[in-house]
Amino acid sequence: MINEIKTIVHNYLNSAALCCLLTGTVTRDGIRISDKLILPDELILGNLKSSLIIGQRVRLLRNHGGQQFYVLEVITE
């Protein structure tokens with residue numbers, strides 16, 4: 001019984017899309033976080049949003065649920 005409860009909780013946490021850190025590259029359409037996924041500007045928040053330049057690498061915090069992304073910093077090499 002305890003293993004079934006653990007499985008249910010584990011599956012819930014995996015599907016809940018808790019917040020996490022991401023890195024991405026600024027593009028003309030938004031921020032690219034993978035080969036297939038570009039975050040549109042409407043989902044991006046933060047004070048740095050207005051000063052981003054195409055090609056910059058940024059670190060993002062994904063909000064719980066994955067509907068908002070906050071720009072934490074511009075990554076400098």
Side-chain angles (χ1 to χ4, degrees):
M1 179 71 171
I2 192 73
N3 287 333
E4 286 84 12
I5 293 172
K6 286 181 180 179
T7 301
I8 291 169
V9 170
H10 179 75
N11 290 340
Y12 170 75
L13 292 175
N14 282 340
S15 65
L18 300 175
C19 66
C20 72
L21 286 174
L22 304 166
T23 57
T25 303
V26 179
T27 65
R28 182 179 303 175
D29 301 326
I31 297 178
R32 177 180 296 277
I33 59 171
S34 70
D35 290 339
K36 296 181 180 178
L37 184 59
I38 297 177
L39 301 174
D41 285 337
E42 298 83 35
L43 299 180
I44 300 168
L45 304 172
N47 297 336
L48 295 175
K49 178 182 175 183
S50 61
S51 62
L52 294 176
I53 300 170
I54 293 174
Q56 284 182 320
R57 301 251 321 137
V58 294
R59 191 173 322 276
L60 303 163
L61 179 65
R62 185 186 72 195
N63 194 4
H64 179 79
Q67 297 300 311
Q68 293 178 330
F69 297 83
Y70 190 88
V71 179
L72 294 174
E73 66 177 344
V74 175
I75 300 171
T76 57
E77 308 274 333

Sequence neighbours excluded, the answer for side chain to side chain contact (heavy atoms under 4.5 Å, CB included) partners of Leu22 is Cys20, Ile33, Leu60, Arg62, Phe69
Considering only heavy atoms from C-beta outward, does the side chain of Val58 approach that of Leu48 to under 4.5 Å? no
Notebook entry, point to check: Do Leu52 and Ile38 sit in the same hydrophobic cluster, where Ile, Leu, Val, Met, Phe, Trp and Tyr count as joined when their side-chain heavy atoms come under 4.5 Å apart?
Noted result: no
Original post:
Would a hydrophobic clustering, with Ile, Leu, Val, Met, Phe, Trp and Tyr connected at side-chain separations under 4.5 Å, put Leu72 with Leu45?
Top reply: yes
Leu21 side chain near Leu61 side chain, heavy-atom distance below 4.5 Å | yes
**Prompt:** Is Asn47 atom CG crowded by more than 12 heavy atoms from other residues, nucleotides or ligands, each under 6.0 Å away?
**Reply:** no
Does any part of the side chain of Arg57, heavy atoms only, come nearer than 4.5 Å to the side chain of Thr25, both counted from C-beta? yes
Using a 4.5 Å side-chain heavy-atom cut-off and chaining through intermediate ILVMFWY residues, the residues clustered with Ile2 come out as none
Given the rule that I, L, V, M, F, W and Y join up when any side-chain heavy atoms are under 4.5 Å apart, are Ile31 and Val74 in one cluster?
yes
CD (Gln68) and CG (Leu39) are apart, to the nearest 0.5 Å, by 12.0 Å
- Query: Lys49 side chain to Ile44 main-chain N or O, any donor-acceptor pair under 3.5 Å?
  - Reply: yes
